[in-house]
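Throughout, a chain's letter reflects where its sequence line sits, starting with A, and its residues are numbered from 1. Just so it is clear, the model here is predicted, and its values are computed rather than measured.
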There are 2 protein chains.
Amino acid sequence: MKTCAHKHTGKKQELASLTGRLRRESRKITGPRAAILEILRHYPHPLTNKEIFAELPKGSCDLVTIYRAMQMLEKLGMVKRFDFGDGTARFELVGEGDDGHHHHLICTRCASVVEIEECFPEEIERRIAIANGFTGVTHRLEFFGVCPDCRK
Amino acid sequence: MKTCAHKHTGKKQELASLTGRLRRESRKITGPRAAILEILRHYPHPLTNKEIFAELPKGSCDLVTIYRAMQMLEKLGMVKRFDFGDGTARFELVGEGDDGHHHHLICTRCASVVEIEECFPEEIERRIAIANGFTGVTHRLEFFGVCPDCRK
DNA sequence: ATTTAAGTTGCAAACGATTTGCAATTAAAC
DNA sequence: GTTTAATTGCAAATCGTTTGCAACTTAAAT
Ligand SMILES: [Mn+2]
Ligand SMILES: [Mn+2]
Ligand SMILES: [Zn+2]
Ligand SMILES: [Zn+2]
């Protein structure tokens, strides 16, 4: 039933492996970038740019630099962008070779996030693609509900 | 396999039925509102506020009025808001009694939209909810791919 | 038909997230 | 150390959306 190849049980990526990926793309390892990667490495859930900014030692880098870093990391496939529908992008580090495709369950009261292993069933997606003549079909999917804590 | 109660085969709603719903909520039937509903009534797909604005006889109503109208219609459950991940809200008229829950297949090249009958399987969603102690779980789901026309 | 009170509108301004221009700075290669 | 391309910070611009407010309607009450 698990159709996502994504593993949430994987260990944190080494910082060296991350900087290596950058170097290979002739991107510079700067203070701000190392700091950003360090934050992402330690968080299991998608973070907004503002959240990353808040975690960073204050004054260590501008918010705009984070926006630019995330754009670049996304283009290199090192982070995956998620959209929880609140108008703010969230980013999660992606392992080498992984495309990062997976989903979340979000509490509509406290915004807590649970990583979900399940994915939309492949056969159904395939059927939808064929029925409409579409190719390269994928999906964006997030779950919403009330978490145990908020269910007072 | 169809778990969505939503029917895309339903006929257009009568304008009278729509204005009736407004009246019941002590909302006024104004020129701009009638015009907006008239547009929505004739479109089978989600429309952005700007698209509605463009369809409207120019000068007949301000863009802000459309924003306010959609907020109000959403609150009354008369339209459903959709998010295609491009940072712009889209709205679709919802039938009486229907909650409007359904999904779309969107072409990433030309942005054409196909209404989808399939929904995320209930048993799996139920399992996700239970496994994490969440209640009232629902989902947001959209499909993306390349349509037949764009597959040059 | 006139009055009235609540609901609505347009316009300008405010917003929040994200992007862009540009000159000053810096990492990495020579 | 010099050179060069990449990066940064800061200010300003964009874009979708919301808000304040005074003028204006709709629909109900006289
Ligand atoms: Mn995740
Ligand atoms: Mn639809
Ligand atoms: Zn999936
Ligand atoms: Zn569904």
(message) I want to check one thing: is the phosphate of C:dA17, taken as OP1 and OP2, less than 4.0 Å away from some side-chain N or O of A:Lys50?
(response) yes
(message) Between C1' on D:dA28 and NZ on B:Lys28, what's the gap in Å once rounded to a whole number?
(response) 9 Å
(request) Look at the side-chain N and O atoms of B:Tyr67 and state whether any lies under 4.0 Å from the OP1 or OP2 oxygen of D:dT18. (result) no
(message) How many whole angstroms separate atom CD1 of B:Ile29 from atom P of C:dG7?
(response) 14 Å
(request) Determine whether any donor atom in the side chain of B:Arg68 lies under 3.5 Å from an acceptor atom in the base of C:dG7, or the reverse, and answer yes or no. (result) no
(message) If I take atom CZ in residue A:Phe84 and atom P in nucleotide C:dG16, what distance separates them, rounded to the nearest angstrom?
(response) 22 Å
(message) Whole angstroms only, please: what is the CD1-P distance between B:Ile36 and C:dT9?
(response) 7 Å
(request) Starting at atom CG of B:Leu63, determine the distance to atom P of C:dT8, rounded to an integer number of angstrom. (result) 19 Å
(request) Quickly work out the B:Ile52 CD1 to D:dT17 P distance and round it to whole Å. (result) 11 Å
(message) With a cut-off of less than 4.0 Å, is there a side-chain N or O of B:Thr30 near OP1 or OP2 of C:dT9?
(response) yes
(message) Quick check: any donor-acceptor pair below 3.5 Å linking the side-chain of B:Arg90 to the base of D:dG16?
(response) no
(request) Give a yes or no answer on whether the side chain of A:Asp86 reaches the backbone of A:Thr88 with a donor-acceptor pair at less than 3.5 Å. (result) yes
(message) Just checking A:Phe143 against B:Phe120, ring centres under 6.0 Å apart?
(response) yes
(request) Looking only at side-chain atoms of A:Val64, point me to the closest of D:dC10, C:dT18, D:dT17. (result) D:dC10
(message) Looking at every non-hydrogen atom in both residues, tell me the closest pair between B:Asp83 and A:Gly85 and how far apart they are.
(response) OD2-CA, 3.6 Å
(request) Determine the minimum heavy-atom distance between A:Glu115 and A:His45, stating which atoms define it. (result) OE2-ND1, 2.7 Å
(request) With DNA chain D as reference, determine whether A:Ser26 or A:Asp62 sits nearer its 5' end, using the nearest nucleotide of each. (result) A:Ser26
(message) Between the side chains of A:Arg126 and A:Glu123, is the shortest nitrogen-to-carboxylate-oxygen separation below 4.0 Å, so that they form an ion pair?
(response) no
(request) Report yes if a donor N or O on one partner sits less than 3.5 Å from an acceptor N or O on the other, where the partners are the side chain of B:Arg23 and the base of C:dG7; otherwise report no. (result) no
(message) For D:dT17 and B:Gln71 - does any side-chain N or O of the residue sit under 4.0 Å from the phosphate oxygens OP1/OP2?
(response) no
(request) Could you tell me which non-hydrogen atom of A:Cys119 sits nearest to which non-hydrogen atom of A:His103, and how far apart they are? (result) SG-NE2, 3.6 Å
(request) Represent DNA chain C in dot-bracket notation, 5' to 3'. Only Watson-Crick or G-U wobble pairs with both distances under 3.5 Å count; pseudoknot-style crossings use [ ] and interstrand partners use |. (result) |||||||||||||.|||.||||||||||||
(message) Could you tell me how far apart A:Lys58 (NZ) and D:dG9 (P) are, to the nearest whole angstrom?
(response) 17 Å
(request) List the atom of B:Val94, the atom of B:Val79, and the distance in Å for their closest heavy-atom pair. (result) CG2-C, 3.9 Å
(request) Round to a whole Å and report the spacing from CD of B:Glu74 to P of D:dT17. (result) 11 Å
